[in-house]
Amino acid sequence: MKLAILGGGGFRVPYVYQALLNDHGSPRIEEVWLQDSDAGRLEAMAAVLAAFAEGAEDAPAVYTSTNLDKALEGADFVFAAVRVGGIAGRVCDERVALDLNVLGQETTGAGGLAYGLRTIPVMVDIARRVKALAPDAYVINFTNPAGMITEAMQSVLGDRVLGICDTPSGLGTRVAAALGLEPAPLQLDYVGLNHLGWMRRILHDGVDVLPRLLADDTLLGSLEEGVVFGREWLRDLGVIPNEYLYYYYFNREAVRATLDAPQTRGEFLATQQGAFYERIAAASGGAALEMWRETVASRSASYMAEMKGAETGEALDDHAGVDPVDEGYAGVALSVMAAISRNEPATMILNVRNGSTVTALPADAVVEVPVTVDANGIHPLVLDQPDLHQTGLMQQVKAVERLTIGAALTGSRTDAVKAFALHPLVDSVSVGRRLLDGYIDRIPEVAAVFTAGGRR
């Protein structure tokens, strides 16, 4: 089987390849095509993958190409991890918002909307190329904002597109570790949108162990969510929110912490990535692999640092650094491919078409919920409906996402202004207009959305 990875020069690619090396089922991925607009990054990642493949029997062959169609043609699976506008665009996503005292974050709030505006047209075009060149392929979308991008791509490919985020599954793994339980048997009752959801029950042998976790000061304090939200708020809620809900529940504190930090996350990554790709250009083999490991460990250890009492880019105490390969995106993605291609049913939390799962949202909206995956596709599980506060927040953010999709595909300034103004983390029509103007002025790919083809 052939796997095409779009954005093949990205840092998560080696995780995926390492997972493939450890997969010995049949059929399995035999060809990996890395596609990226940056040939230098492709060469760097190919060097890291070659080091992983040394001594491995039947390692999947790796090919690189800057040509999208060549990478897609005949693919069985497509991973999409594309960053339109590059890291410079991310820095602008953050700074335009922060200059107006609004949260500047990659996927949540104004920055996420700007990222979506410039990314959706590109990803919908990619969906059309997949339909033409690999019509039987499943697209596993990692591209952020994952829920919004997945929903836009489904307008072309339907249920053959699903979105992956490792945050819910990572929470389940960490809860299991805190309770001394194996993660595999746990049943996770989770509902929400991408980067906006709640773990409501954690079943072990049919018994909900979440109350035991919430009642134990030590166990609850050992979780990242206990640090981020505080134990009292988690007990007040009676659930464990996705960590990105910090930006909603503690918006003023989040904005203040980001403004007070010496650099944004995007600025930290821009410096780090520039140094990495410059150094790795002259390296190969084990040296390239070691550089990648060092860099990705630093990235992971400093993730959301400013929300956990540290400066952006600063490693956190007691943080393990690089995630194990069977966790995160790579593990979930491999499980999806095995379930579909080998009919090895698996239950996981994915971004999928809603249908009748959450009755308060449109059937064609993408939600993040537990599903079963098998050779017949994706099957959302029946779940209890979210409560009133969860439903209200999901509806408002989903309305904003759909306005953003509409603006990105039609060039409607009206829809774009409404999206910014109605987002609960903006909450101001005048600021919403200034945000849109700021992104148009500073990010060429956003400006192009509103100028191409005489769009209004």
Side-chain angles (χ1 to χ4, degrees), residues 2-21 29 31-53 59-73 75 77-91 93 106 115 118-119 122-123 125-126 129-130 139-144 146 149 164 166 265-300 322-323 325 328-330 333 445:
K2 174 180 176 178
L3 168 65
I5 303 180
L6 313 184
F11 274 86
R12 284 197 175 98
V13 170
Y15 282 132
V16 174
Y17 191 69
Q18 191 175 4
L20 295 175
L21 288 173
I29 298 297
E31 291 185 19
V32 177
W33 282 75
L34 307 183
Q35 187 276 335
D36 202 294
S37 59
D38 189 320
R41 292 193 173 206
L42 283 177
E43 290 180 12
M45 282 303 120
V48 175
L49 301 196
F52 269 121
V62 176
Y63 304 90
T64 63
S65 178
T66 56
N67 184 288
L68 175 65
D69 286 2
K70 189 174 182 179
L72 287 178
E73 188 172 11
F77 292 94
V78 177
F79 288 2
V82 177
R83 182 174 290 281
V84 177
I87 197 69
R90 176 173 182 170
V91 171
D93 291 340
E106 178 191 19
Y115 193 12
R118 67 178 181 272
T119 304
V122 174
M123 299 306 294
D125 284 345
I126 287 173
R129 299 312 300 152
V130 171
V139 176
I140 301 175
N141 177 51
F142 302 89
T143 302
N144 278 321
I149 302 302
I164 284 183
D166 64 343
R265 176 70 172 173
E267 289 164 347
F268 163 70
L269 292 177
T271 300
Q272 186 200 57
Q273 286 188 13
F276 169 79
Y277 286 110
E278 184 177 341
R279 291 172 58 215
I280 202 171
S284 61
L289 177 57
E290 188 57 32
M291 284 182 195
W292 173 79
R293 283 176 169 156
E294 290 174 0
T295 304
V296 81
S298 174
R299 287 164 60 90
S300 178
V322 180
D323 293 331
V325 71
Y329 290 86
E445 293 85 357

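This chain uses plain numbering: 1 for the first residue, then up along the sequence. This one's a predicted model, so the numbers in the text were calculated from it and none came from an experiment.
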Undergrad: Y63 and E31: which non-hydrogen atoms are nearest, and at how many Å?
TA: CE1-CG, 3.9 Å

Undergrad: Mind running side-chain contact (heavy atoms from CB on, under 4.5 Å) on V32 and V16 for me, showing each step along the way?
TA: CA-CA 10 Å; V32 177; V16 174; over 6 Å; no

Undergrad: Does atom CD of E73 have more than 12 heavy-atom neighbours, drawn from other residues, nucleotides or ligands, at distances under 6.0 Å?
TA: no

Undergrad: Under 4.5 Å between any side-chain heavy atoms of R90 and Y115, yes or no?
TA: no

Undergrad: Any side-chain donor-acceptor pair under 3.5 Å between W33 and Q35?
TA: no

Undergrad: Hey, does the side chain of S298 reach the backbone of E294 with a donor-acceptor pair shorter than 3.5 angstrom?
TA: no

Undergrad: Determine whether a donor-acceptor pair (N or O, by modelled atom type, separation under 3.5 Å) exists between the side chain of K2 and the backbone of A71.
TA: yes

Undergrad: Taking side chain as C-beta onward, heavy atoms only, is V48 less than 4.5 Å from I280?
TA: yes

Undergrad: Could you measure the distance from the CZ atom of R129 to the CG atom of D69? Nearest 0.5 Å is fine.
TA: 4.0 Å

Undergrad: To the closest 0.5 Å, what do you measure between CD1 (I140) and CG (L3)?
TA: 8.0 Å

Undergrad: Using a strict cut-off of less than 4.0 Å between a Lys/Arg side-chain nitrogen and an Asp/Glu carboxylate oxygen, indicate whether D93 and R265 qualify as a salt bridge.
TA: no

Undergrad: For residues A80 and N141, report the shortest heavy-atom separation together with the two atoms involved.
TA: O-OD1, 3.5 Å

Undergrad: Write down the atom of S65, the atom of N67, and the distance for their closest heavy-atom approach.
TA: OG-N, 2.9 Å

Undergrad: Quick check against the 3.5 Å criterion: does T119 have a side-chain atom that pairs as donor or acceptor with the backbone of V84?
TA: no

Undergrad: At their closest point, which heavy atom of V82 faces which heavy atom of I126, and how far apart are they?
TA: CG2-CD1, 4.4 Å

Undergrad: Show the numbers, then the answer: is there a side-chain contact (heavy atoms from CB on, under 4.5 Å) between V62 and Y17?
TA: CA-CA 9 Å; V62 176; Y17 191 69; 3.5 Å; yes

Undergrad: Tell me if the aromatic rings of Y15 and F52 count as close, with their centers under 6.0 Å from one another.
TA: no

Undergrad: Between E267 and T271, is a side-chain contact (heavy atoms from CB on, under 4.5 Å) present by the stated rule, with each step listed?
TA: CA-CA 6 Å; E267 289 164 347; T271 300; 5.8 Å; no

Undergrad: Could you give the distance from CG (L269) to CD1 (I87), rounded to the nearest 0.5 Å?
TA: 5.0 Å

Undergrad: For the residue pair M45 and Y277, establish whether any side-chain heavy-atom pair is separated by less than 4.5 Å.
TA: yes

Undergrad: What distance do T143 atom OG1 and I164 atom CD1 have between them, rounded to the nearest 0.5 Å?
TA: 11.5 Å

Undergrad: What heavy-atom pair brings P60 and L21 nearest, and what distance separates the two atoms?
TA: CD-CD2, 3.8 Å

Undergrad: Which pair of heavy atoms, one from T295 and one from Q272, lies closest together, and at what distance?
TA: O-NE2, 3.3 Å

